[in-house]
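Below is one structure, written out as structure tokens, with a few remarks after it.
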Number of protein chains: 2
Amino acid sequence: MPPAGPRSGDAIFASVERVNAELFTLTYGATVRQLLTDLEEVEEVNKQLDQMGYNIGIRLIDEFLAKSNISRCVDFKETADVIAKVGLKMFLGVNATVTNWDAEGTCCSIILEDNPLVDFVELPDTCQGLHYCNILSGVIRGALEMVSMKTEVTWLRDMLRGDDMFELQVKLLKQIPEEYPYKDDE
Amino acid sequence: MPPAGPRSGDAIFASVERVNAELFTLTYGATVRQLLTDLEEVEEVNKQLDQMGYNIGIRLIDEFLAKSNISRCVDFKETADVIAKVGLKMFLGVNATVTNWDAEGTCCSIILEDNPLVDFVELPDTCQGLHYCNILSGVIRGALEMVSMKTEVTWLRDMLRGDDMFELQVKLLKQIPEEYPYKDDE
């Protein structure tokens with residue numbers, strides 16, 4: 001059956017199985033705290049969160065493609081829009097916008113208006129270098145790699161560090177050529 | 001304003017903020033995997049997951065009491081029913097039943113028909129001693145402690161270990177007397 005066309009993030013979010021956001025937030029918080037205890041170095045925790053996110057992203061992309069009916073983006077601009085409008089809505093239930101494009105169309109910022117990961121979170125002074133939401137940048141990096149885009153994803157602004165919003169820079173490093181045409185199973 | 005009476009788990013679950021269950025499942029999976037890497041000993045991971053859950057439970061109880069309009073259970077039997085019918089529904093969206101009561105009414109089993117924590121999970125042979133869902137038993141233990149019940153929560157059956165359901169034994173060890181009457185803030 002051919003895909004019925006892309007679905008909105010809202011519609012998908014309403015139709016998928018969900019869990020209570022506070023449970024998710026607290027579970028994530030407990031994870032970060034545990035990593036801080038086990039690894040001690042904040043920089044090491046940043047790396048691990050990113051790696052955890054990457055491992056999640058390379059699996060989550062399947063659910064994303066299956067549920068969104070999005071098969072292929074024409075370019076990186078469309079990809080960024082889809083992440084902001086469909087992906088983040090579908091998984092976290094948040095609204096996001098894309099801005100700050102460079103002239104080449106290979107680097108932009110995703111602005112998060114809301115972020116359930118950080119509800120009730122305050123960083124103690126000892127954790128000022130922590131990128132608390134690094135799991136999210138890792139997820140995006142991992143998911144994009146599975147659709148042949150090698151990216152660098154960096155937090156430019158972070159409300160836990162006193163900024164007025166979350167700004168995630170997504171930079172396309174390389175488009176990996178696909179080696180064989182994908183085929184439908186049917 | 002006096003509480004309007006208890007609300008059903010379904011109604012609460014429908015009204016609270018939620019995130020995609022698959023994201024939650026994969027995030028939890030990444031956490032367990034990370035702990036296995038960092039701590040190496042399966043038994044140590046079991047302990048940490050339980051402790052993480054405990055830390056979550058002592059906070060989640062506030063959301064539970066606020067959203068459910070449940071102020072006080074008459075006895076441990078009612079408490080167990082509330083966990084199964086309201087709590088697990090409200091946070092994980094799952095149905096659960098209470099069974100196997102002992103004669104004293106201080107020990108029972110909660111049977112989970114479904115468990116989003118374990119979707120897509122298979123334990124490798126090296127992890128056979130892992131209580132993958134130990135975070136959940138920790139949450140229940142922590143939450144109950146905040147309402148003055150010291151409990152022991154143990155997995156008796158586990159689908160990841162080949163059982164046909166999840167069975168969580170909840171044993172009341174001690175009811176901690178409340179030292180002062182709670183007062184409303186108003």
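Labels below follow one simple rule: chain letters A, B, ... track the order of the sequence lines, proteins then strands, and each chain is numbered from 1. If you're wondering where the values come from, they're calculated on a predicted model, not measured in any experiment.
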Problem set entry | Residues in residues 78-106 of chain B that sit under 4.5 Å from chain A, counting heavy atoms only | B/M90, B/F91, B/L92
Exercise. Relative to chain A, which segment of B/I12 carries a heavy atom at a distance below 4.5 Å: side chain, backbone, both, or neither?
Worked result: neither
Problem set entry | Residues forming a side-chain hydrogen bond (donor to acceptor under 3.5 Å, both in side chains) with A/R59, sequence neighbours excluded | none
Problem set entry | Proximity of residues 23-38 of chain A to chain B, residues having a non-hydrogen atom under 4.5 angstrom | A/L23, A/F24, A/L26, A/T27, A/Y28, A/A30, A/T31, A/R33, A/Q34, A/L35, A/D38
Problem set entry | Members sharing A/I111's hydrophobic cluster (side chains within less than 4.5 Å) | A/M165
Exercise. With a 4.5 Å limit on heavy-atom distance, are the side chains of A/L60 and B/E22 in contact?
Worked result: yes
For atom [atom1] of [X], is the number of surrounding heavy atoms from other residues, nucleotides or ligands below 6.0 Å larger than 12?
X: A/E17; atom1: CD; result: no
X: B/E44; atom1: CD; result: yes
X: A/E167; atom1: CD; result: yes

